[in-house]
Protein chains: 6
Amino acid sequence: MTATPAAAAPTGRPDGRADDELRPVRISRGWLDHAAGSVLVEFGRTKVLCVASASEGVPRWRKGSGLGWVTAEYAMLPGSTHTRNDRESVKGRIGGRTHEISRLIGRSLRSVVDYAALGENTIQLDCDVLQADGGTRTAAITGAYVALADAVAHLRSTGALSGEPLTGSVAAVSVGIIDGVPRLDLPYVEDVRAETDMNVVMTGDGAFVEVQGTAEGAPFVRRELDALLGLAEKGCADLTRLQREALDA
Amino acid sequence: MTATPAAAAPTGRPDGRADDELRPVRISRGWLDHAAGSVLVEFGRTKVLCVASASEGVPRWRKGSGLGWVTAEYAMLPGSTHTRNDRESVKGRIGGRTHEISRLIGRSLRSVVDYAALGENTIQLDCDVLQADGGTRTAAITGAYVALADAVAHLRSTGALSGEPLTGSVAAVSVGIIDGVPRLDLPYVEDVRAETDMNVVMTGDGAFVEVQGTAEGAPFVRRELDALLGLAEKGCADLTRLQREALDA
Amino acid sequence: MTATPAAAAPTGRPDGRADDELRPVRISRGWLDHAAGSVLVEFGRTKVLCVASASEGVPRWRKGSGLGWVTAEYAMLPGSTHTRNDRESVKGRIGGRTHEISRLIGRSLRSVVDYAALGENTIQLDCDVLQADGGTRTAAITGAYVALADAVAHLRSTGALSGEPLTGSVAAVSVGIIDGVPRLDLPYVEDVRAETDMNVVMTGDGAFVEVQGTAEGAPFVRRELDALLGLAEKGCADLTRLQREALDA
Amino acid sequence: MTATPAAAAPTGRPDGRADDELRPVRISRGWLDHAAGSVLVEFGRTKVLCVASASEGVPRWRKGSGLGWVTAEYAMLPGSTHTRNDRESVKGRIGGRTHEISRLIGRSLRSVVDYAALGENTIQLDCDVLQADGGTRTAAITGAYVALADAVAHLRSTGALSGEPLTGSVAAVSVGIIDGVPRLDLPYVEDVRAETDMNVVMTGDGAFVEVQGTAEGAPFVRRELDALLGLAEKGCADLTRLQREALDA
Amino acid sequence: MTATPAAAAPTGRPDGRADDELRPVRISRGWLDHAAGSVLVEFGRTKVLCVASASEGVPRWRKGSGLGWVTAEYAMLPGSTHTRNDRESVKGRIGGRTHEISRLIGRSLRSVVDYAALGENTIQLDCDVLQADGGTRTAAITGAYVALADAVAHLRSTGALSGEPLTGSVAAVSVGIIDGVPRLDLPYVEDVRAETDMNVVMTGDGAFVEVQGTAEGAPFVRRELDALLGLAEKGCADLTRLQREALDA
Amino acid sequence: MTATPAAAAPTGRPDGRADDELRPVRISRGWLDHAAGSVLVEFGRTKVLCVASASEGVPRWRKGSGLGWVTAEYAMLPGSTHTRNDRESVKGRIGGRTHEISRLIGRSLRSVVDYAALGENTIQLDCDVLQADGGTRTAAITGAYVALADAVAHLRSTGALSGEPLTGSVAAVSVGIIDGVPRLDLPYVEDVRAETDMNVVMTGDGAFVEVQGTAEGAPFVRRELDALLGLAEKGCADLTRLQREALDA
């Protein structure tokens, strides 16, 4: 990862990582007893429980098409953040951020699904943040893919499907520019200081599924954007390897 | 526990327990890094994450009273049950059962709180069911008390309070009649078959805080009610001991 | 009723009743012209209008089962309380207390219904509190049973059913401990001062359907709980007699 | 009332009334024990409970103005209609018809209120339809005025106000054209058949506050409109007399 | 228009119009490219976009009847008023005024529709106020009729219907009394000062569909009411001519 | 724009544009009479009304900071799309897509605002889509900037601010890959066929504010991403020039 300028080293990261280094990542499969797939994914202190529920049938607008469906919902537990956040069920409405992330996770997973091979089955991913320390949406996508793979294996074991509905794997990571330095996988303390913040979703073979970059402070120039994309490619490749190891375990 | 008739032994319980025996109970403190108190409580396969958030100040209707406040919210994650249940945030309204249990947990905890000693601080308990296998509300109360005790200790350590706002401890257990036999701490498979189902909340010194008994099938007679109360007294005493051990650890 | 200590007499009750005496109870049937059953029930100043609407068919999840359904909704008119309470329709959501009581009334009535004998008919009970002076939920259950009996008779008269879907009667009463003395059927002024408050629902032949006891102030010991249950048995027996008289009138 | 053509007599009205005759009207004051004013008003089988709650202070946007406020809410109990109608609190939203009628009642009452004489007090009128048989909104206005007058008297008796905040009285009636014949005060069976339906609100001294006419079937010509206005003038004069008698009782 | 007293001339109207004169009215058809009918209607500065969407089929309660359906929704853009008004979608509920006007527009249009000739087709009118300067509901009705006529022509051109579902035309205008003088078509500055405000909907052949008069200040007497009706008849006749010209263009 | 392969020319675009050519863009300022800024922006058939409302003061969480606030809301009129879409106010909740776009517009505008220079004033942008034909969010951003500039000028003319709160300009455009060919500014017919769809927001001096790319079909490789970014740079530069011309007019 040559885009990270050597000059940034002196200030360093709060947790001592290299600028292109992921936090310690843990992917714990089979975390619950009932669900078709259940994964507790940890990116440092960020903990997300990803549960895949499989059911026969598809939403009404898709009935009779022979095609399956994959969808996702994201939420944060009220006590997951430093300052407690109110429940959206109590507020009676889902906030824009929650909607946005749920949609992102769903699109990301669907990018590696062959609906015809899935048949008229639905897999619903629920990603609930138990503890938030930056990068919850990217951890959720990375963990949800593993839960999805487990749910697919479960459906195959029960005879509900025979082919291979997964055309590849998908993982996601955040990157950002802090004090002018591009960095990989930002924890909360870096995230709040980032001038630019980007979430990148990639397939296991290195193609892009989503690129969402936002200038939080000053707008960013093309050269910075290119550096961030390079960092993200590196991070997603690392995560792809960790997903494979978890699934092989 | 003499109320359980010996004759019930032959049919036995699905998990081989005695009729007056709790499921294996685990109380894991400090489960999260940020919260004032956080406990993962397990009654067999039932897993509830109880998080206590402390904040200065009280709700508006209590301002200037010098008194604190303790409140609670209960929710089930969508993937916590055998068949996925829809999110209440998505439905846009909280169901009656959720409301009822949130209120029960709040009342139960408040029964051992000295508001004057708490001062104008609020402690909010969030009890989120990660996996449901019967007895989620009683596990929640039992775990939430421990999280509350940790939050109180945390407030004391930060100098936010000096006295002792806890006047005792509180625990809860379910009891029920299955095939005519009173039993303690029902898992889901017993719960759905119970003719009568009762949740009992008690203080550590053996007084009652809440008694909620419901005839699911046939109404129950006074003698059966008395037997159930006896079983609950036994179970709450066991849980009180386990809470004390967890807090001493 | 020997549980009431004679020593309590000096302080007495605000309305001069004995500790085990109901308030004047009035059950006025046929209060409206349209409904299958309509009862204005009064426990002292508490007035609840209980209306039973019968309709062919059952909720979707029950169709084709050959079984009927009975359900209930409770609400308070805004002007029914000393201080006006806001409408839940205006607030856009039903509060926890309302949910809880609606569910309690429904469960209580269903405990005496034979769904097969009812056939695929639905009876919906609406209990609207016109004036609240304590014990609204127990008055509602007591009156709703009479409205239900009238609706069943109406269905029989129209030929919509032939058997007997009621397996018994059901009535309810509140009991509580005020200044250490157990008392029956609390009006508002006693209710707010009660250390312990219990609602008990019983069938006409003396079995328990629901027992809901709550320590409002200090937790209560087993001996107090037993005294309250005894008082409730006495009160429900009196109410059962009054229901029978009303239905025979 | 000369506008009603004599030729209509042969067909007659279902209840035998003359075309310009009100249904039997009953205005029962003091129907509840707590409220500042409470009236059960009956227009034939239509029964509306009108409750006036008085409170010190005014809504925020009016604070410090020295002016009072009067507002109203209308609702139908679920069992008030022939076929049960669902609760708006359960539906989570208030329907257009309810909104419309609540606003109409509020405007009608405010037309006879001197806000300066009322001072910074609020009177809230709740009009709940216990039984609906046509003309519920006009019965509500007619009864609500009496409850308002009682609430004003109550405020005066408690010393909360000294002047006269009522500048007159207000009453309302429905009129309509059935089979080409203009008729006064339509019950449900006439209302559903009316080609034109008009609700008219008038002050006690014969001025118009609201005129709301709707062609349900064919549009109506100016001559018909004039006849309906004449009938309404007659009906409101009768109601004004009945209000005065009730208040003098 | 003889009802306007000559004595009012000295004060005059803010925009110099005669008391019985409409503001400049513009009806621009085909304002959008997709919709079956789309009209931008302007009454002075009031601009309302009226869009008619046609679809096959009718609401569930009307299926199989052979009859069509016409319905309408009204809304104001947040920036349409002098002071921005919050979006009802953001508030999560539709206000009473919006409900009331949507219902009025729907009823008005339906008064000239022959449902049998329309067949099982639905036409939905959306009237969105782009700029509000008084009379938005009457402009909406006047413009919506033209959009409806265009949608009907569109359905005929696609062969979806063959007969004539429009039995006439419909237009609407506001009238009011300002400083004792009856005036036609009030802009905002007059509307806020009006003692009485009336909206009148009429068919093209001069019959009344809706008359909604409200005393904003002092109640109005019969003579004033008659003068307002006369003004409205004049205004609706003018608008009918303008609609015809627009449709002939 | 050399990234567009010459080989694509044969298939061509539905409207005959070059692959790096914008649709005809119209920016009509002062479209309404009341608002501080109001712009009708058209990208081909896409029409968005952008209204800027200025008000003194800021949201509560910002009071006393000396800093201003800029926020935005986006919505589609029901008749703006080929098939009518239901109103979110009627559905009672705002959809995820609407939330997402509102947030995007707000962030984009805020990237060129100096809050200190704005002082404690709030500018609210409302972007309502009158007709949708692809690229509504990018047209909204482009038009909203012009409305914002007009509102700022208005505030300056009224003396509400003196400095320059705009640090630059902002514009946005969509790009996508259709049949393997990167193209600029997609209308609906191209948008639905795009394999990859990207929205890019840039400042007037060529820096990036937002990059949101999504693989709708197959994931995209880095080379394609680079080509799309190049096209977007070209399109935003063109739009910046058009904004400047509109503001100078």
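Each chain gets a letter, A, B and so on, in the order its sequence line appears, and its residues count up from 1.
If you measure heavy-atom distances from C/Ile94 to chain B, the contacts under 4.5 Å come from the backbone alone. Of the atoms belonging to B/Glu233, it is side-chain heavy atoms, and not backbone ones, that fall under 4.5 Å from chain C. Looking at B/Leu229, both its backbone and its side chain come within 4.5 Å of chain C, counting heavy atoms on both sides.
Counting all heavy atoms, side chain and backbone alike, B/Arg222 lies closest to C/Asp226 at NH2-O, 3.3 Å.
Using a 4.5 Å cut-off between non-hydrogen atoms, the part of residues 204-215 of chain C that approaches chain B consists of C/Ala207, C/Phe208, C/Val209, C/Glu210, C/Val211, C/Gln212, C/Gly213, C/Thr214, C/Ala215. Contacts of residues 59-91 of chain B with chain C at a heavy-atom distance below 4.5 Å are absent; not one residue qualifies.
No option in B/Arg103, B/Glu100, B/His99 other than B/Arg103 meets the side-chain contact (heavy atoms from CB on, under 4.5 Å) test with C/Arg97.
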